[in-house]
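Encoded as structure tokens, the structure appears first; notes follow it.
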Amino acid sequence: FVPLSLAFKRINNILAQATDISGEPEPSLMVEDAEKNVASDYFQAKDMLDELISARRYEEALCVMASLGPSLDRFFVEVMVLAEDEGLRRNRLALLRSIRDQFSRVAKFNEIQG
């Protein structure tokens, strides 16, 4: 749980700095390979998570979420989330908000101590 908890904390910290989060992430607005990669992984995982959560298969859902770890790590290293370009910034924040919201459906990661 610790790597997921750390990613969740990092996402929350970034989102806490933002005031302009709205809408859904739009893949056509993604320009960096790392953001395209994490978005692709997230959208694939989202469908699985929806199914697993509705079936109350939380352990499997956590495994799916953990599979996002490498692409999230790369995203945080290679992508400036709070970019000067407003469209890029909003889209990246929307992506992180969507990921955070999915994480929150499974566990209270902000309460996990690492």
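In this chain, numbering begins with 1 at the start of the sequence shown.
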Euclidean distance, [Y] [atom2] relative to [X] [atom1], rounded to 0.5 Å:
| X | Y | atom1 | atom2 | value |
| --- | --- | --- | --- | --- |
| Arg90 | Leu82 | CZ | CG | 13.0 Å |
| Ile11 | Phe103 | CD1 | CZ | 5.5 Å |
| Phe75 | Arg92 | CZ | CZ | 6.5 Å |
| Gln17 | Asn12 | CD | CG | 11.5 Å |
| Leu52 | Cys63 | CG | SG | 9.5 Å |
| Phe8 | Leu96 | CZ | CG | 11.5 Å |

Exercise. Is it true that the side chains of Ser71 and Asp41 contain a donor and an acceptor less than 3.5 Å apart?
Worked result: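 Yes - a donor-acceptor pair under 3.5 Å links their side chains.
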For this session: Give the C-alpha distance, both sets of side-chain angles, the deciding distance and a yes or no for side chain to side chain contact (heavy atoms under 4.5 Å, CB included) between Leu88 and Val81.
Result: CA-CA 8 Å; Leu88 288 177; Val81 176; over 6 Å; no
Exercise. Is the number of heavy atoms from other residues, nucleotides or ligands under 6.0 Å of Glu51 CD greater than 12?
Worked result: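 Count not over threshold, so no.
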Exercise. Does a salt bridge link Asp50 with Lys46, judged by any charged N lying under 4.0 Å from a carboxylate O?
Worked result: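 Yes, this pair counts.
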Side-chain heavy atoms under 4.5 angstrom apart, residues restricted to Ile, Leu, Val, Met, Phe, Trp, Tyr: same cluster for [X] and [Y]?
| X | Y | answer |
| --- | --- | --- |
| Val79 | Leu29 | no |
| Leu15 | Val38 | yes |
| Tyr58 | Met48 | yes |
| Ile53 | Leu68 | yes |
| Leu72 | Leu49 | yes |

Looking only at atom types and distance, does a side-chain atom of [X] sit under 3.5 Å from a main-chain N or O of [Y], one as donor and one as acceptor?
| X | Y | result |
| --- | --- | --- |
| Arg89 | Ala83 | yes |
| Ser40 | Lys36 | no |
| Asn91 | Pro25 | no |
| Glu35 | Val31 | yes |

For this session: Output, in order, the C-alpha distance, side-chain angles, deciding distance and verdict of side chain to side chain contact (heavy atoms under 4.5 Å, CB included) for Met65 and Ile99.
Result: CA-CA 9 Å; Met65 290 166 44; Ile99 292 170; over 6 Å; no
Exercise. For the residue pair Arg97 and Gly23, what are the closest heavy atoms and their distance?
Worked result: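 In this case the closest contact between Arg97 and Gly23 is NH2-O, 2.5 Å.
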Exercise. Is the closest side-chain heavy-atom distance between Leu95 and Met30 below 4.5 Å?
Worked result: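 Yes, side chains in contact.
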